[in-house]
Amino acid sequence: MAAIHFGYTISKPRAIDLDRNNLRKSDEILREMPELQTCIGCGACTAICTAGNLTSFNFRKVHTLVRRGEYQGAYEEMNKCMLCGKCRLVCPRGINTRGVVMLIKRKLGDF
Amino acid sequence: MMKRRSWQEYQKEIADDRYYYARSCIRQNFFPGSEKAFIDILQNDLGKELLDDPKHSSCTGIGYHSDIVPLETIMTVVARQFSLMNEAGYENFVTSCITSFGIYCEVLSTWNEFPETEEKTRENLLKATGREFRKPASLAHTSDVMFHFRDQIAARAKHRLVNAVTGEPLKVVEHIGCHYAKIFPKSGIGGSEFPYVLAGMIESWGGEVVDYPERRHCCGFGFRNYLVQANRGYSIANSHKKLESMAPYKPDFIVANCPGCAMFLDKWQYTIAEMEGTTYGQNGHGIPVLTYEEMAGLVLGYDPWALGLQMHQVDVEPLLDKMGIEYDPAAKYLGRNGKYIGKPASAVVNCCPTDTIYDIRE
Amino acid sequence: MKKRIIVIGGGVAGMQTALRLAEQGVEPVIVEKEPELGGKLRGWHVLFPSFTPAEEVLTALRRRVNESGIEVLTSAEVVGLEPRSVRLADGRELHGDSVVVATGFTLFDASIKEEYGYGIYDNVLTSADLERMFNEGRVARADGTAPRRIAFLHCVGSRDEKVCQQHCSKVCCITGVKQAMEMKKLFPEADVFNFYMDIRMFGPGYEEMYREAQQKYNIHFVRGRISEAAPTIDGRVQIKAEDTLTGRPLRMSVDMLVLLIGMRANDDNARLAEGAGLNRASSGFMAPRDLFLGNVCSNVGGIFYAGAVTAPKSIGETLNEATAAADAAAKYAEA
Amino acid sequence: MGKYFDMLMEDVRMREGLHACMNCGVCTGVCPAAEFYNYDPRQIVSIVQTRDDDAIEALLKSDTIWYCGECMSCRPRCPRGNTPGYVIQALRTLSQKLGFFVESEKGRQQLALKRIIGENILRTGYCLVPRLIKPELHPEQGTVWQWIYDNDREVYGQFSPVYMRHGAGALRRIDEESLDEIRRIFDVSGGSEMFETIEKHSDRKAREMGYEEGADQQYMMDVFCNNSNEHY
């Protein structure tokens with residue numbers, strides 16, 4: 001095949017594709033910490049987040065992505081967390097958010 | 001067959017005769033044979049009157065959707081087209097382009113919703129050209145007109161959209177083109193979710209419509225996303241997504257409403273093959289893509305090369321063979337009066353036979 | 001002589017109104033357009049948040065109506081009303097001392113939301129279809145197999161200007177949670193998703209039920225309205241939405257898509273309102289005289305409202321309101 | 001607060017396209033651009049409806065508003081009757097008027113569009129003509145297009161009696177009088193002014209970026225071809 005220089009390549013889709021994503025890790029995480037499933041997406045954790053006020057870290061977004069099987073970069077993101085624990089104080093569902101950070105880091109260290 | 005019923009709720013008045021015809025930038029460039037076929041079918045097969053006015057122009061819609069032509073400007077260009085139509089004594093405007101059709105719908109609706117914009121347009125047109133205008137009595141896309149006469153065409157059919165050997169209906173993917181009904185669902189036959197304009201032709205002429213997951217997805221033209229080379233990854237990715245989604249249904253061909261979509265669904269098959277070696281279609285030589293004029297022309301027995309099917313990148317011969325259409329393979333790439341002008345270089349989705357006769361039955 | 005009050009509609013609201021009237025020593029007459037009493041509750045399976053069988057409530061109400069000797073006209077459609085009379089489609093005219101309108105609502109026709117392909121694609125069903133399946137004891141995909149992945153979509157025919165239903169239908173959120181739990185009980189291995197914009201848990205025990213659905217049943221909630229549904233080659237349904245909490249498009253195929261259809265105003269509200277000089281809200285539902293001190297009264301003396309004829313309501317709320325409406329109507333009739 | 005919002009609201013497309021968004025995401029769910037770019041039309045509408053000047057100015061200067069393909073797939077679905085695509089069109093128009101478009105890679109591409117499509121409209125009366133689609137700039141058009149391009153008179157001559165000549169038919173040359181009318185329409189309705197604005201700001205930016213000749217052919221080809229790949 002003659003190599004033609006097109007000047008671009010086919011863009012990769014960025015939709016979350018739940019037919020393709022492997023939810024095994026996500027299921028493991030939810031099994032260890034079922035309370036995470038009770039998140040109502042209110043965003044209080046992210047609003048109060050010390051790291052989030054200094055960096056682009058968005059705890060709600062990252063753990064939601066993990067629950068959808070989107071693990072890429074989650075470990076690095078969770079490393080931005082300073083483990084101050086304020087999020088746990090504000091969570092209206094009483095989720096051990098700090099524990100969620102630790103758990104995701106432990107489970108997804110190799111992603 | 002798809003359980004489409006809702007289309008009957010989206011009907012529109014389509015004029016029976018006397019059309020003022022507006023050409024399409026993309027269709028005349030890539031499918032000049034389709035525009036010719038439309039005129040020939042209307043005038044010769046159906047005995048209708050149509051004016052091809054040399055004074056009309058582009059609607060400038062590609063410029064508008066590339067955001068370099070302002071709304072006020074395009075409204076005035078549209079007003080000039082209407083003025084030309086008035087001058088010629090016509091009142092049924094038909095346009096050969098989906099982008100244009102969307103533009104005309106949008107302009108008429110904007111004038112209706114915001115009357116001050118119509119006033120301003122009249123002022124601009126008068127100042128620029130000394131012209132005045134009346135709005136058309138009816139506005140249609142050329143495919144609407146073809147749909148309108150689908151039964152007459154079926155009655156004169158020389159070929160049907162069926163496999164000539166097995167008698168099975170051909171499986172057809174229809175692609176509507178976003179601006180046909182997504183902007184103004186009531187302006188398209190069948191509305192925006194289950195448009196019936198092409199499906200109606202396909203069913204009338206013996207074929208079977210394929211519904212597939214990404215049926216409603218955009219071809220990916222995206223104006224600036226194709227026109228600027230740096231952005232073409234978006235454009236090809238969207239067509240790629242559609243082709244991947246339709247491939248498992250093994251369609252015999254794709255028919256497109258919009259000339260841009262027809263061109264992209266054809267050309268991107270070539271590019272995808274060159275870029276990553278993926279080919280579609282039963283024999284790995286691509287899924288043929290037709291315009292609806294070409295589809296109608298084949299049904300009516302027009303010669304494939306007179307319809308301009310040689311201008312497609314993906315070979316159409318497998319489809320012609322399935323339909324049992326006689327054609328001269330050697331005449332495919334000839335110039336005017338049978339002049340030999342060389343042939344395109346061969347590619348994965350274009351076998352470009354030099355002396356072989358293409359026959360899928362082998 | 002006993003005062004006589006005409007109750008239009010023999011659903012939950014109408015039956016409870018009539019029972020209360022009878023209790024107060026008034027003579028009610030129920031006018032029902034269907035051949036039997038029960039209204040929309042017929043065909044429903046169990047009620048949130050307690051999973052009480054609908055049949056239990058319905059049977060009790062019917063039995064009491066029967067035992068109270070309340071006069072019931074079935075297959076009788078009302079075409080016009082005044083404070084002291086009601087005109088039927090067959091030309092009959094009924095007279096009384098006041099009227100309670102308890103004509104309820106109409107379920108939204110999901111096929112109007114064409115992008116979801118209801119009536120076109122197999123395995124796209126409505127919440128009402130699902131209740132019927134529960135009642136029939138056979139919940140399955142069109143080909144008879146068990147669903148392994150189910151999506152519920154909230155707000156179908158509610159909060160949607162495109163279909164002229166701007167109001168919230170109120171009960172669909174909790175219905176979605178309830179049905180998701182029922183599905184999970186039937187198909188423990190299935191993944192169940194709820195696509196929502198807001199989860200409106202307005203009643204006692206509802207929020208707790210939502211939490212239980214999340215934690216105990218592992219039902220997934222995705223904040224995003226489904227944009228479209230399309231068929232896949234293997235007879236499933238592909239859905240697209242935005243996962244708004246991550247800001248990314250989300251796509252998946254499911255074995256079953258359940259549309260939680262909303263409650264809309266009856267078409268004949270307009271005609272009844274016009275004939276009697278009654279006010280309607282912009283949603284098409286009848287408008288009470290005011291929303292606080294006169295919420296079971298109409299703007300016309302002698303005409304009262306009970307239940308979902310004025311707005312979407314739960315069964316419990318409807319029963320309470322019917323009692324209030326009966327009292328107000330009786331008071332008017334006695335005066 | 002609200003200056004840019006008010007300017008946007010002068011555009012009828014904003015009045016038609018933005019009522020009140022409830023962030024349901026149906027637009028993003030079907031958006032072809034959201035599928036392939038780091039792009040979310042819902043968030044654009046959400047930002048615009050805050051009316052916050054700083055936030056809107058940042059949008060006007062960003063790549064974000066240039067990803068949309070204007071397919072309008074968002075329009076028939078919005079439960080609030082909004083059209084995010086119209087909001088984008090209004091943002092783009094304002095970004096060009098204010099000269100903010102040159103502050104982003106994708107925005108700078110407007111110069112190429114103006115020079116390729118815009119000038120062709122004034123020259124020929126059509127957005128594109130075969131001679132414009134040069135195979136070296138359009139390798140994806142494939143081998144057949146190359147053959148057509150090389151033999152245009154022979155190929156088009158079969159379908160049009162007037163290829164590049166006056167008269168009625170496909171790809172004809174439009175008469176001068178009509179072309180003059182179109183040019184005057186551009187003059188009186190703001191089209192020409194838009195072209196000049198794009199040129200002016202592009203030239204300024206080109207010099208700022210170190211193109212000594214300003215927005216020359218080299219600059220145009222660079223904006224046409226270069227992709228930082230930071231958009232996904």
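Here the structure is a predicted model, which means the values were calculated and not measured. Protein chains get the first letters and strands the later ones, always in sequence-line order, with residue 1 at the start of each.
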For chain D, find which of B:E123, B:R224, B:K339, B:Q310 contributes the most heavy-atom pairs closer than 4.5 angstrom.
B:R224

Would you mind checking which part of D:M72 comes under 4.5 Å of any heavy atom in chain B, side chain (CB onward), backbone (N, CA, C, O), both or neither?
both

Looking at B:F133, is B:R122 sitting on its ring face, NZ or CZ under 6.0 Å from the six-membered ring centre and within 45 degrees of the normal?
yes

Between D:R92, D:Q96, D:R153, which residue shows the highest count of heavy-atom pairs closer than 4.5 Å to chain B?
D:R92

Heavy-atom proximity to chain D below 4.5 Å, by part of B:P185
side chain

Under 4.5 Å from any heavy atom of chain D - which part of B:T76:
both

Around atom CD of D:E193, are there more than 12 heavy atoms from other residues, nucleotides or ligands closer than 6.0 Å?
no

Any donor-acceptor N or O pair under 3.5 Å, side chains D:H138, B:Y226
yes

If I measure from the heavy atoms of chain D, does B:R80 come under 4.5 Å with its side chain, its backbone, both, or neither?
side chain

Using modelled atom types and a 3.5 Å cut-off, is there a donor and acceptor pairing between side-chain atoms of D:D203 and backbone atoms of D:A215?
yes

Side chain, backbone, both or neither: which part of B:H217 has a heavy atom under 4.5 Å from chain D?
side chain

Among side-chain atoms of D:S192 and D:D187, is any donor-acceptor pair under 3.5 angstrom?
yes

Just wondering, are more than 12 heavy atoms of other shown residues or ligands nearer than 6.0 Å to NZ in B:K267?
yes

Which portion of B:H312 sits near chain D, non-hydrogen atoms under 4.5 angstrom
backbone

Relative to each other, are the rings of D:F195 and D:F186 parallel, tilted or perpendicular (30° and 60° limits)?
tilted

Lys/Arg N to Asp/Glu carboxylate O, D:E199 vs D:K114, below 4.0 Å:
yes

Identify which part of D:Q146 has an atom lying under 4.5 Å from any heavy atom of chain B, answering side chain, backbone, both or neither.
neither

Would you please say whether a donor-acceptor pair under 3.5 Å links the side chains of D:S189 and B:T73?
yes

Atom CD of D:E177 with >12 non-hydrogen neighbours under 6.0 angstrom
no

Greatest number of non-hydrogen atom pairs under 4.5 angstrom with chain B, of D:E105, D:Q109, D:K106, D:H166, falls to D:Q109

Distance (rounded to the nearest 0.5 Å) between D:Y211 OH and D:Q217 CD
12.0 Å

Expected output: side-chain B:K343 to main-chain B:K332 donor-acceptor under 3.5 Å:
no

Ring geometry between D:Y156 and D:Y163 (parallel below 30°, tilted from 30 to 60°, perpendicular above 60°)
parallel

Identify which of D:R172, D:R184, D:R173 forms the greatest number of heavy-atom pairs closer than 4.5 Å to chain B.
D:R172

Given heavy-atom pairs under 4.5 angstrom as the criterion, report whether the side chain, backbone, both or neither of B:T99 touches chain D.
neither

Could you tell me which non-hydrogen atom of D:G191 sits nearest to which non-hydrogen atom of B:P70, and how far apart they are?
CA-CD, 3.6 Å

Heavy-atom pairs under 4.5 Å with chain D, option from B:G308, B:S192, B:G233, B:A237 with the top count:
B:A237

Per-residue tally against chain B (heavy atom, under 4.5 Å) across D:N226, D:I117, D:V223, D:V162 peaks at D:I117

Looking at D:I121, D:I182, D:D152, D:L128, which has the largest count of heavy-atom pairs under 4.5 Å with chain B?
D:L128

Which portion of B:A306 sits near chain D, non-hydrogen atoms under 4.5 angstrom:
backbone

Pi-cation contact, D:Y149 with D:R131 (under 6.0 Å, within 45°):
yes

Please classify the contact between B:S66 and chain D as side chain, backbone, both or neither, with a heavy-atom cut-off of under 4.5 Å.
both

Please classify the contact between D:S160 and chain B as side chain, backbone, both or neither, with a heavy-atom cut-off of under 4.5 Å.
neither

Among the options B:M263, B:R27, B:K182, pick out the one with the most heavy-atom pairs lying under 4.5 Å from chain D.
B:K182

Whatever's closer than 4.5 Å to a heavy atom in chain D on B:D67 counts as both

Whether the side chain of D:S202 engages the backbone of D:I198 through a donor-acceptor N/O pair (distance < 3.5 Å, no angle test) should be reported.
yes

Set out, in order, the CA-CA distance, both residues' side-chain angles and the distance that settles salt bridge (Lys or Arg N to Asp or Glu O under 4.0 Å) for B:E106 and D:R13, then state yes or no.
CA-CA 10 Å; B:E106 182 182 337; D:R13 291 170 297 193; 5.5 Å; no

Does any backbone or side-chain atom of B:Q313 lie under 4.5 Å from a heavy atom of chain D? Answer side chain, backbone, both or neither.
both

Closest-packed option against chain B by number of heavy-atom pairs under 4.5 Å, given D:F36, D:Y232, D:Y126
D:Y126

Specify which of B:L227, B:I183, B:I62 makes the most heavy-atom pairs with chain D at under 4.5 Å.
B:I183

How would you list, in number order, the residues of residues 77-88 of chain D that have a heavy atom less than 4.5 Å from chain B?
D:R77, D:Y86

When the ring planes of B:H179 and B:F223 are compared, do they come out parallel, tilted or perpendicular, using 30° and 60° as the limits?
tilted

Measure B:I39 against the heavy atoms of chain D and call it side chain, backbone, both or neither at under 4.5 Å.
neither

B:K55 portion near chain D, given a 4.5 angstrom heavy-atom threshold:
both

All heavy atoms of D:W145 vs all of D:I133, minimum pair found to be NE1-O, 2.8 Å

Report which part of B:K241 has an atom under 4.5 Å of a heavy atom belonging to chain D: side chain, backbone, both, or neither.
side chain

Answer with side chain, backbone, both or neither: which region of B:N231 has an atom nearer than 4.5 Å to a non-hydrogen atom of chain D?
both

Hey, which of B:W268, B:F264, B:W305, B:Y64 has the most heavy atom pairs under 4.5 Å with chain D?
B:Y64

Shorter than 4.5 Å, heavy atoms on both sides: which option in B:I272, B:T60, B:T110, B:V69 has the most such pairs with chain D?
B:T60

Taken to the nearest 0.5 Å, the spacing of D:E103 CD from D:K205 NZ works out to 4.0 Å

